[in-house]
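One-based numbering along the sequence shown. Just so it is clear, the model here is predicted, and its values are computed rather than measured. Each ligand, and each atom within it, is numbered from 1 in the order the structure gives.
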Amino acid sequence: MTAASPNNRPDLADLLAFYASAGVDEALEDQPVNRFAEAAPRPAEPAPTAPPMGDNAAPPRSTGVPRAETGDRPNSPPVARAPAKTSTVPDEAQAALARQLATTAMTLDELRQHMAAFDGCNLKATAKNLVFADGNPEAAVMLVGEAPGRDEDIEGLPFVGRSGRLLDRMLAAIGLDRTSVYIANVIPWRPPGNRTPTPHETEICRPFIERQIELVNPKLLINLGGPSAKTLLNTSEGILRLRGSWRVHTTASGIAIPAMPTLHPAYLLRTPAHKKLAWRDFLEVKAKLRALT
Ligand code: URA
């Protein structure tokens, strides 16, 4: 970038617009930091020893890729925020702690409290809110998405942005609404810039959503999009292959819950021709629900 002058202000505006469209919507510090220079050993110091296995004090492993399935893109200018906390505890220890906290939660309220107090997922450091759930915890149907976007982060509720509005219409089409379903996400904190959660982040958060499903104990599960289906149905198949047929989510205590993987509403906003596929999946849900209740 060339130095700012009154003549090249439009270039700066273009650059910011480019960043925003690429999902870069958070300015962590006032000045740019060269992380590559930071990582290089300083000449006057002895060579660094290898960090312990799994030490995540290393530079973030995120791909930095905006989430493909979540259309709720950021549209605000960059905001200055406190630098993100970095954890020096290995990820496996965090995943183990998450498992312990999840299994010791006996109610949804306890689970929410344990998640709010958990600092082991780096996404919490940049998120504004924990996005725990919306809807009726007594509902027969539970929907699980991927991770909150910008609007969800601000409101602390899942699916309240554009894709949430489409989801509400899809639910209404089969006679359901937020009083008759329960909605949560695999990841309860917004990834910065809506990037795809890393596999480590997903593994750390997995015990929480698994316990949430176990505590709600719905009759049916709907997996919204590939990441939810892959994480909760233990498969690596793509969503276009998975969708449309009943699978099973098995809880830690061995309860088998029928699960319908379907297309994520954000994907449907970008690919409206596939709405008919999601419509078929929702009709399957409606029929099964009738048979079960
Ligand atoms: N996309 C998701 O997967 N979850 C939300 O809560 C919002 C958008």
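Polar contact with ligand 1: absent for Pro158 (N/O pair, distance under 3.5 Å). Distances between N or O atoms of Gly149 and those of ligand 1 include no value under 3.5 Å. Taking only nitrogen or oxygen atoms, main chain and side chain alike, Ser163 does not reach within less than 3.5 Å of ligand 1. Between Glu152 and ligand 1, no N or O atom pair is found at a separation short of 3.5 Å.
Checking side-chain atoms of Thr251 against main-chain N and O of Ile255 turns up a donor-acceptor pair under 3.5 Å. Checking side-chain atoms of Arg211 against main-chain N and O of Ala102 turns up a donor-acceptor pair under 3.5 Å.
Listed by number with element, the atoms of ligand 1 under 4.0 angstrom from any heavy atom of Gly145 are 3 (O). In the vicinity of His264, heavy-atom distances shorter than 4.0 Å reach the ligand 1 atoms 1 (N), 2 (C), 3 (O). Close approach of ligand 1 to Glu146 (heavy-atom distance below 4.0 Å) involves ligand atoms 2 (C), 3 (O).
If you look at Ala147 next to ligand 1, the close heavy atoms, those under 4.0 Å, all belong to the backbone.
Defined by atom type and a distance below 3.5 Å, a donor-acceptor pair is missing between the side-chain atoms of Arg165 and Ser163. Judged purely by distance below 3.5 Å, without hydrogens or angles, the side chains of Glu155 and Asn129 never pair a donor atom with an acceptor atom.
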Side-chain polar contacts of residues 179-188 - donor-acceptor pairs under 3.5 angstrom, sequence neighbours left out - could you list them?
| unit_1 | atom_1 | unit_2 | atom_2 | d |
| --- | --- | --- | --- | --- |
| Thr179 | OG1 | Asp177 | OD1 | 2.5 |
| Ser180 | OG | Asp177 | N | 2.9 |
| Ser180 | OG | Asp177 | O | 3.1 |
| Ser180 | OG | Asp177 | OD1 | 3.4 |
| Tyr182 | OH | Gln212 | NE2 | 3.1 |
| Asn185 | OD1 | Glu146 | N | 3.3 |

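Judged as a side chain to side chain donor-acceptor pair (under 3.5 Å), the pairs with a partner in residues 284-293 (not counting sequence neighbours) are, in order, Trp246-Glu284.
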